[in-house]
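First comes the structure, then the notes that go with it.
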Amino acid sequence: MSYPQDAYKALIRGIQEVDLQHSSVPCNLVLTGDAFPVVMNSQGHILMAASVYGRGRIVVLSHETYLTLCPALVDNALTWLGGGESTNLSLGVPKTMKGVVDNLNRSSYQVSPVEEFRADLGVSVYVTDAYQVGPKAEELIAFVKAGGGLLIGGQAWWWASQNENKNLILEFPGNKVTGVAGIYFTAQYGKLCVSVSVILLHSHGMDFKKDLEFLLKGISDFDIRGDGVPSAALVHGHLAFPIGTTDKGEAFLAGTYYGRGRVIVVTHEGFLQYEKLASFWKNAIDWLDQGRKGVAGFEPGVKPLSNLGLTCKKTNFSSELSVFVCKAYTKVDPETIQNFVVEGGGLLIGGHAWHWGATHIGQNPMQDFSGMVPHFFIFKISYKANKPTHQVNKLHFRHLLHQFAGHALEGVELTKEEEKNLKKLGSESASFLRMEAYDNFSYIQILYHLTDILKKVGIQQVGLIRLIFCLLLYFKSIQFKKRYHWVFQKYWKKNYTWSKILETTFLCIVNSNPKIHQNLLQSFKLVILGLCHPKIQIGCQSDELHHKELWRAPYVIKRFPVTSERMQVWNLWGGLIYLVAPRDVKVEDEKIVVQEAITAPYYKSGEFILSDWSSLRKSPAPWAEMEFENIILTAPSHLIRDLENALEVEKLWNGIMKGVADLAVIPQKFVRKERIVADVQISAGWMHSGYPVMMHSSIGAELFNPQDARTKGLWGETHELGHNQQRSPWEFPPHTGEATCNLWSVYVHEEVLGLNRAKAHPSVTAASRRRSVEEYVKGGKNLSDWNVWTALETYLQLQEKFGWDAFKKVFAAYHDMTNHPNDKEGKMNLYAETFSRAVNMNLTGFFKAWGWPIQRATEEKLSNLPLWTDHPMA
């Protein structure tokens, strides 16, 4: 935030306090984008603000009388607007503002009283009020964009009272100019008794009722059922509002004003093509067009729906368009689109971030993704539109924070509805703070407000309040990372009911005074020599939580790009330290020195002897890691403190991973070792697949118990490792997702652990298998019922007839395929053909008996093979 800080210092140079206690009633200014406050009162109302636009600068006062009543502020503003030079500064002022002209004439400025603004005035700064600039808005904007300075004063509450049916944001004369720089006059009174630079959060009080009435005309709900799985939008801007939300209050459709234009965001690009949403899209494009009756351009890849009203055409971006419709992944330069909207254009953009987040582990979607906030939600029903009432504001992030502050600071009682709305504040706070936008006033405003709450309340309360405070500490520490105000690491006290959150992690406490507890300083200082584009990661997993009840922080990983040979890195939640190298980079014989960290229990195949392990397992860090040939196990250290025979655990997991590779027909040495992490709470289920596989630490001890593994089994772990081997060409969603992964469970238990399938899981006993088949047949062999254990039975029948080698041949055949269908029916027919050829027998009758949609063409292809007639489903 170096540039706004420098500008702020210049604008308040020599001023300690501003006395505005007189009859003039200012308005509250609302800021977006790069705009920043200069004078605020104790209620958080902004009475003076500044910003840049193009090569020029703008300063806004919240009442025109301040142009004469505040000479010190005006002098500083004019100097800053003139580029830092006050000598030979030429000013243009309307003749109607005689008091301003007289005041300025007493100074050393060159003042030119004019009838109205003209582009050829030849002045460096123009001074005016907010009421007479409307007709000259375009020329004034061009003047500032080219490098001119604009000082403007006014209030909008009187105008709003006289123009109730007009849009204040876009139609108030002053906003037509200052809006391009992210400063807006509002109808809200700005209270007096002003001191400089007091930053507090307040409810923005904007009313979008008329906008919602326009957008939702004829709309009662949004039917978004289909293939698209959207993200959720975090609605936090002063001029933003949710339009469509789930029954849990998560926004998938939102709108905002930006500059002189408007934006609508939908959190999956597929929704732009939904004909059942066509009525809303017509309203949306009309709203974005602002009555211009212009052209709506749809970027290539987005097909215009029928009957949208305006002239719609597929086209690349052009500034001549009235509305531009695109995906969040558009290749158009973001700044180009931003300028288009700022100057009055309409933008309809669709996209989702959950897939990006899943494929960019460790990166920050709030900073690096071009689209929306990454939350994962599966929508199964239609959702209601937001009614045009004040309820829409209750779902706004700032309103929720304002409500939370009243509860935390003043003990304001919350209604049941308010408590329900506040439940999502924790995860939304985490998402918001991860933006780390330290050069943006809106972000800093909330950060300072949370800091103020923290100072007054402390962290003695539990639940949601503590969660937000902990998140604040985390991101506050990043903001002041150059100061390194770290103090000590410790476990949460046992008597805290929230201690489960940090059951297996450290907590770093931030202190604003570096002189306190210096002797307890704990930080990581890394010397990285000769490495190319790696990242340092603290924390073993990025499993992000969105649960109502939290036992740990939602996000506990932190990554740092390696930008110098010596770095200091940190993570509030502690964690193991990793060096993450790009896939195509080989790291050999590089020296990595870690200073002032805590030693963790660590074992690696071939690098330790038992005597090493006996001491290493007692290392103090709360996380432990055991690395074998093809898998790495990470768990709370207390689970391995008493583990004596590490070689037996190594033998167990080397065998399991060999079995996984054997069935998948992949190289015995994995390109990337699998990982399993046991944590106190995970994002979904009892375990879930991915990198890493996640499981609850309450059962983590079974990872390190070879004897139990060979007598009781490890079904869950092998099930998740099987998930990681599933491949789209031979998967048939939604039927086989929880079925074919169990092939690895059965294979590993029988071929590696020596445990019969009937003993490996109760659903694979003879009686359970028979019951699955009988119920499926009784139900009419409907493919909709063919899933999980019923679907697995199909594959087990094949295995019992043809053996595991048949599956290995099938998987090997798929490895060599370059073209395969993407639709379910086509994939099922290809599988039937591939398996038939692998065993030299026509299996179409068997698959048809299971209800598979076997095509006549497939039967003809296999007609030369002997038919399997005595199959179990005959």
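Residue numbers start at 1 and run along the sequence shown.
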Single hit among Arg260, Lys136, Lys176 for side-chain contact (heavy atoms from CB on, under 4.5 Å) with Ile141: Arg260
Residues, nucleotides or ligands: over 12 heavy atoms within 6.0 Å of Asn819 CG: no
Matching residue for Phe185 among Tyr131, Trp159, Phe172 - test: ring pair (Phe, Tyr, Trp, His ring centres under 6.0 Å): Phe172
Asp34 CG: over 12 foreign heavy atoms closer than 6.0 Å: no
Stepwise side chain to side chain contact (heavy atoms under 4.5 Å, CB included) test for Leu216 and Ile243: CA-CA 8 Å; Leu216 300 177; Ile243 301 170; 4.0 Å; yes
CA sep, side-chain torsions, deciding dist, call: Val144, Val177, side chain to side chain contact (heavy atoms under 4.5 Å, CB included): CA-CA 10 Å; Val144 175; Val177 179; 5.6 Å; no
Interatomic distance, Ile557 atom CD1 to Glu544 atom CD [nearest 0.5 angstrom]: 10.5 Å
Within the 6.0 Å centroid threshold, strictly below: Phe36 and Tyr8: no
Expected output: side-chain Ser51 to main-chain Ile58 donor-acceptor under 3.5 Å: no
Within 6.0 Å of CD in Glu164, more than 12 heavy atoms from elsewhere: no
Greater than 12 external heavy atoms within 6.0 Å of Gln162's CD: yes
Closest approach of Glu269 to Gly350 (non-hydrogen atoms, all atoms of both residues): CB-O, 3.6 Å
Check: Val180 main-chain N/O paired with Glu343 side-chain donor or acceptor under 3.5 Å: no
Of Trp287, Phe241, Tyr184, the residue whose pairing with Tyr257 passes ring pair (Phe, Tyr, Trp, His ring centres under 6.0 Å): Trp287
Flag, side chain of Lys303 to backbone of Gln273, donor-acceptor distance under 3.5 Å: no
More than 12 heavy atoms of other groups within 6.0 Å of Lys293 NZ: no
Closest non-hydrogen atom pair between Tyr53 and Ala181, with its separation: CB-CB, 4.3 Å
Pair Phe143 + Phe117: ring centers closer than 6.0 Å: yes
Aromatic ring pairing Tyr329/His352, orientation class (parallel under 30°, perpendicular over 60°, tilted between): perpendicular
Note, Lys827 side chain near Ser728 side chain (heavy atom, < 4.5 Å): yes
Phe252 and Phe271 aromatic ring geometry - parallel, tilted or perpendicular at 30°/60° bounds: perpendicular
Interatomic spacing from NZ in Lys327 to NE2 in His268 - rounded to 0.5 Å: 9.5 Å
Asn175 side-chain N/O to Leu168 backbone N/O, donor-acceptor pair under 3.5 Å: yes
Asn339 CG to Lys145 NZ distance, which is reported to the nearest 0.5 Å: 5.5 Å
Pairwise side-chain contact, Lys824 with Pro733, heavy-atom cut-off 4.5 Å (strictly under): no
Side-chain donor/acceptor of Arg559 to backbone N/O of Lys535, under 3.5 Å: no
Glu320 atom CD, over 12 foreign heavy atoms within 6.0 Å: no
N/O donor-acceptor pair under 3.5 Å between Gln338 side chain and Pro334 backbone: no
Test log, rule side chain to side chain contact (heavy atoms under 4.5 Å, CB included), inputs Leu81 and Leu150: CA-CA 7 Å; Leu81 290 169; Leu150 175 65; 5.7 Å; no
Flag side-chain contact, heavy atom, 4.5 Å: Leu305 against Lys282: no
Side-chain heavy-atom pair Pro729, Leu830 within 4.5 angstrom cut-off: no
Separation between OG1 of Thr330 and CD1 of Ile337, rounded to the nearest 0.5 Å: 5.0 Å
Inter-residue atom distance Ile46.CD1 - His238.NE2, 0.5 Å rounding: 6.0 Å
Side-chain donor or acceptor of Thr256 paired with backbone N/O of Leu239 under 3.5 Å: yes
Backbone N/O of Gly255 and side chain of Arg262: donor-acceptor pair under 3.5 Å: no
Minimum heavy-atom distance Leu121-Glu116, with the two atoms named: CD1-O, 4.4 Å
Stepwise side chain to side chain contact (heavy atoms under 4.5 Å, CB included) test for Thr315 and Leu321: CA-CA 10 Å; Thr315 178; Leu321 295 170; 4.2 Å; yes
Within-4.5 Å side-chain heavy-atom neighbours: Tyr691 and Ser542: no
Closest non-hydrogen atom pair between Ala7 and Trp80, with its separation: CB-NE1, 3.4 Å
Heavy-atom side-chain contact between Pro300 and Asn316 under 4.5 Å: yes
Close side-chain approach of Trp281 and Val266, heavy atoms under 4.5 Å: yes
Over 12 foreign heavy atoms within 6.0 Å of NZ, Lys313: no
Heavy-atom pair of closest approach, residues Leu31 and Pro37: CD1-N, 3.5 Å
Contact summary for Ala130 and Pro173, nearest pair of heavy atoms: O-CB, 3.3 Å
Asp289 (side chain) donor-acceptor with Ile285 (main chain) under 3.5 angstrom: no
Donor-acceptor under 3.5 Å (Ser124 side chain, Gly82 main chain): no
Rounded distance (nearest 0.5 Å) linking atom CD of Gln155 with atom OG1 of Thr186: 10.0 Å
